[in-house]
Amino acid sequence: MIIQTTIGEFCPFEYGKGLSINKRLSGNIPVYGSNGIVGVHNEPYVPTHGIIIGRKGSVGALQISDRPFWPIDTSFYVVKDDYFETVYTFYLLKSLGLDGMNSDSAVPGLNRDNAHALKVNILGTSEERKATGRLIARFDDKIENNRRMNVTLEEMARAIFKSWFVDFDPVHAKAAGNAPAHMDVETAELFPSSFDDDGLPVGWINKTLGDFIEIQNGYAFKSKDWTDEGIPVVKIGSVKPSIVDLSNCSFVSAEVAELKRNFQLRVGDILIGLTGYVGEVGRVPPADKMPMLNQRVGRVVCKRESFEPFVYAAMRLPEFKSFAESQSHGSAQANVSTKQLQEYPVVVANNLLIQKFNEILESYFEKILTNSAENQTLAELRDTLLPKLMSGEMRVKDAEREVEAAV
């Protein structure tokens with residue numbers, strides 16, 4: 001059963017409460033602004049789960065907290081007694097386009113009265129809404145678990161690279177007469193046990209990224225090339241750490257893409273930002289339509305494909321991003337050249353050790369890409385089922401059959 005009501009009747013917006021930075025005490029309670037978590041505090045303003053809505057600044061931006069929180073005065077918040085009904089309400093609000101309800105052109109703001117007046121159709125009973133929220137939460141939980149696993153795998157990859165090729169921990173251990181920690185005997189034997197006069201492990205040499213890679217610049221698509229749908233194009237804003245975000249791409253037609261096929265990307269390609277977010281590095285996830293490469297985004301092409309994990313790990317270190325930023329120029333926004341990036345110094349070990357490192361990391365990166373592909377599938381299925389569930393067109397029991405195959 002579907003009933004019509006208003007936002008003000010179903011989920012009234014409450015005002016957040018100001019909490020300046022100097023009044024926030026150390027704790028684990030998230031403090032939310034209009035666009036997400038902005039800090040922590042030692043006590044909540046809202047003692048339960050809830051939804052945070054951007055009131056000033058990021059108008060209509062939505063966040064959900066599964067625990068007590070503090071929304072500051074640039075935000076509204078909504079509370080429901082049951083967490084799964086809160087999830088249902090969150091997706092109901094997402095469907096309303098609150099980010100387009102800007103009531104003040106000078107200072108962006110969401111007018112509460114206008115939002116409260118919005119008419120909405122909702123499932124008629126709390127139990128129906130809870131059941132729908134519970135089903136949708138299964139998608140979100142799996143997506144979040146995959147995301148966290150990817151973060152952990154990335155951190156592990158960077159930690160191993162830094163330990164082996166920056167801090168030389170295994171070499172220091174062997175030089176002191178100890179066995180390298182967390183390492184099998186076969187791998188440990190690949191490390192030298194002393195340093196040369198330059199402070200490098202014996203037999204290792206200084207090189208630059210340019211010894212291993214070339215960087216392909218993207219294509220400068222013309223204004224007439226852009227379409228509302230078609231083949232996605234990765235722009236600067238899409239290059240996120242670890243995984244390139246294909247959800248906010250622009251598009252060109254299949255005909256244009258075919259003419260510029262040399263700029264079509266593949267799964268796992270390493271991309272780097274050359275303007276604005278210089279030095280940001282991510283890999284291309286699986287996609288139904290593989291994207292194109294836009295100008296001022298670079299594709300890293302390894303001269304030896306087997307060296308990709310080594311190169312990627314080197315470019316994901318904070319030191320690399322700092323180097324890229326130090327080499328950038330431009331008053332309006334930072335720019336860096338591919339030539340400058342290729343001058344980044346790396347210490348190179350013997351081929352057998354790099355091969356062993358690549359074998360370890362390749363399994364991490366395959367899992368990261370697999371998780372990313374699964375998240376895309378889950379999000380698409382969730383977004384397909386959601387309007388049917390919210391409108392009552394599909395019952396939860398029927399949708400669960402499709403979910404079981406995916407989650």
L200 backbone acceptor or donor facing D198 side chain under 3.5 Å: no

Backbone N/O of Q327 and side chain of Q340: donor-acceptor pair under 3.5 Å: yes

Would you say the side-chain atoms of T187 pair up with the backbone N or O of M183, donor to acceptor, closer than 3.5 Å? no

Output, in order, the C-alpha distance, side-chain angles, deciding distance and verdict of side-chain contact (heavy atoms from CB on, under 4.5 Å) for I231 and V252. CA-CA 5 Å; I231 307 301; V252 295; 4.3 Å; yes

Minimum heavy-atom distance F307-N358, with the two atoms named: CA-ND2, 3.7 Å

Rounded distance [0.5 Å steps], CD in E325 versus NZ in K321: 3.5 Å

Using salt bridge (charged side-chain N to carboxylate O under 4.0 Å, His left out) as the criterion, list what pairs up with D140, not counting sequence neighbours. R382

Over 60° means perpendicular and under 30° means parallel, so tell me whether F69 and Y32 are parallel, tilted or perpendicular. perpendicular

List the atom of I272, the atom of V300, and the distance in Å for their closest heavy-atom pair. CG2-CG2, 4.4 Å

Checking N146 side chain against I143 main chain: does a donor-acceptor pair fall under 3.5 Å? no

Might you confirm whether atom NZ of K289 has over 12 heavy atoms from other residues, nucleotides or ligands at distances under 6.0 Å? no

Per side chain to side chain donor-acceptor pair (under 3.5 Å), S242 is matched among R147, R283, E154 by E154

Is R112 close enough and on-axis enough to F13, meaning under 6.0 Å and within 45°, for cation-pi? no

Run the side-chain contact (heavy atoms from CB on, under 4.5 Å) test on I29 and E43 for me, step by step, so that the C-alpha distance in whole Å, both residues' side-chain angles and the decisive distance to 0.1 Å come before the verdict. CA-CA 6 Å; I29 301 298; E43 64 177 355; 5.5 Å; no

Looking only at non-hydrogen atoms, find the nearest pair between C249 and V233 and report the distance. CB-O, 3.4 Å

How about Y77 and Y15: are their ring centroids closer than 6.0 Å? no

Counting only heavy atoms not in L25 (residues, nucleotides, ligands), do more than 12 fall under 6.0 Å from its CG? yes

Is the H172 to F195 ring centre distance short of 6.0 Å? yes

Mind telling me whether Y45 and W70 have parallel, tilted or perpendicular rings, with 30° and 60° as the class edges? tilted

Between K174 (side chain only) and F191 (backbone N and O only), is there a donor and an acceptor less than 3.5 Å apart? yes

Less than 6.0 angstrom from the centroid, inside 45 degrees of the normal: does K80 satisfy that with respect to the ring of F10? yes

Given 3.5 Å as the limit, does a donor-acceptor pair link the side chain of R129 with the main chain of L123, or not? yes

More than 12 non-hydrogen atoms from neighbouring residues, nucleotides or ligands closer than 6.0 Å to CD on E186, yes or no? no

D81, CG atom: more than 12 neighbouring heavy atoms under 6.0 Å: no

Any donor and acceptor pair, going by atom type alone, linking the side chain of D269 with main-chain N or O of R266 inside 3.5 Å? yes

Apply side-chain contact (heavy atoms from CB on, under 4.5 Å) to the pair F251 and D228, showing each step before the final yes or no. CA-CA 6 Å; F251 299 92; D228 293 332; over 6 Å; no

Is the number of heavy atoms from other residues, nucleotides or ligands within 6.0 Å of CG (N22) greater than 12? yes

Has Y91 got a side-chain atom pairing as donor or acceptor with D383's backbone, closer than 3.5 angstrom? no

Would you say OH of Y277 has more than 12 non-hydrogen atoms from neighbouring residues, nucleotides or ligands within 6.0 angstrom? no

Partners of R296 by salt bridge (charged side-chain N to carboxylate O under 4.0 Å, His left out), sequence neighbours excluded? none

For K303, does the NZ atom have more than 12 heavy-atom neighbours from other residues, nucleotides or ligands under 6.0 Å away? yes

Take F357 and F165 through the ring-ring contact (aromatic ring centres under 6.0 Å, His included) test and state the conclusion after the steps. CA-CA 10 Å; F357 173 82; F165 303 115; 5.2 Å; yes

Kindly give the heavy-atom pair with the smallest separation between P192 and W204, and that separation in Å. CD-NE1, 3.6 Å

Flag, side chain of D167 to backbone of D169, donor-acceptor distance under 3.5 Å: no

With rounding to the nearest 0.5 Å, note down the distance linking CG in D211 to CZ in R304. 12.0 Å

How far does CG of L385 sit from CE of M390, to the nearest 0.5 angstrom? 12.5 Å

Is a side-chain donor-acceptor pair under 3.5 Å present for E85 with S126? yes

Look up atom CG in L381 and atom OG1 in T384, then write down how far apart they are to the nearest 0.5 Å. 6.0 Å

Please determine, by modelled atom types, if N375 and S372 share a side-chain donor-acceptor pair under 3.5 angstrom. no

Relative to the ring of F320, is the ring of Y344 parallel (under 30°), tilted (30 to 60°) or perpendicular (over 60°)? perpendicular

Over all atoms of both residues, closest heavy-atom pair of P285 and M290: O-CE, 4.0 Å

Heavy-atom count check: over 12 atoms from other residues, nucleotides or ligands less than 6.0 Å from E214 CD? no

Are side-chain N/O atoms of T152 and E155 paired as donor and acceptor at under 3.5 Å? no

Modelled atom types, side-chain donor and acceptor of T125 and E128, under 3.5 Å: yes

Do N121 and S391 pair up side chain to side chain, a donor and an acceptor below 3.5 Å, judged on atom types alone? no

To the nearest 0.5 Å, tell me how far L153 CG sits from L361 CG. 9.5 Å

Does some side-chain heavy atom of V31 sit less than 4.5 Å from a side-chain heavy atom of I37? no

With respect to R67, which candidate in P44, P30, P47 satisfies the side-chain contact (heavy atoms from CB on, under 4.5 Å) definition? P30

Less than 4.5 Å apart, side chain to side chain, heavy atoms only: is that true for I53 and Q63? no

Which value, rounded to the nearest 0.5 Å, describes the distance between L190 atom CG and K356 atom NZ? 8.0 Å

May I ask you to decide if K56's main-chain N or O and S34's side chain share a donor-acceptor pair within less than 3.5 Å? yes

Answer with yes or no after comparing the ring centroid distance for W226 and F221 against a 6.0 Å cut-off, counting only values under it. yes

Let's go through D73 and L19 carefully: what are the C-alpha distance in whole Å and the side-chain angles of both, what is the deciding distance for side-chain contact (heavy atoms from CB on, under 4.5 Å) to 0.1 Å, and is it a yes or a no? CA-CA 8 Å; D73 51 1; L19 184 66; over 6 Å; no

If you take all heavy atoms of L274 and V278, which pair is closest and at what distance? O-CG1, 3.5 Å

Determine whether the side chains of T275 and N335 contain a donor N or O and an acceptor N or O closer than 3.5 Å. yes

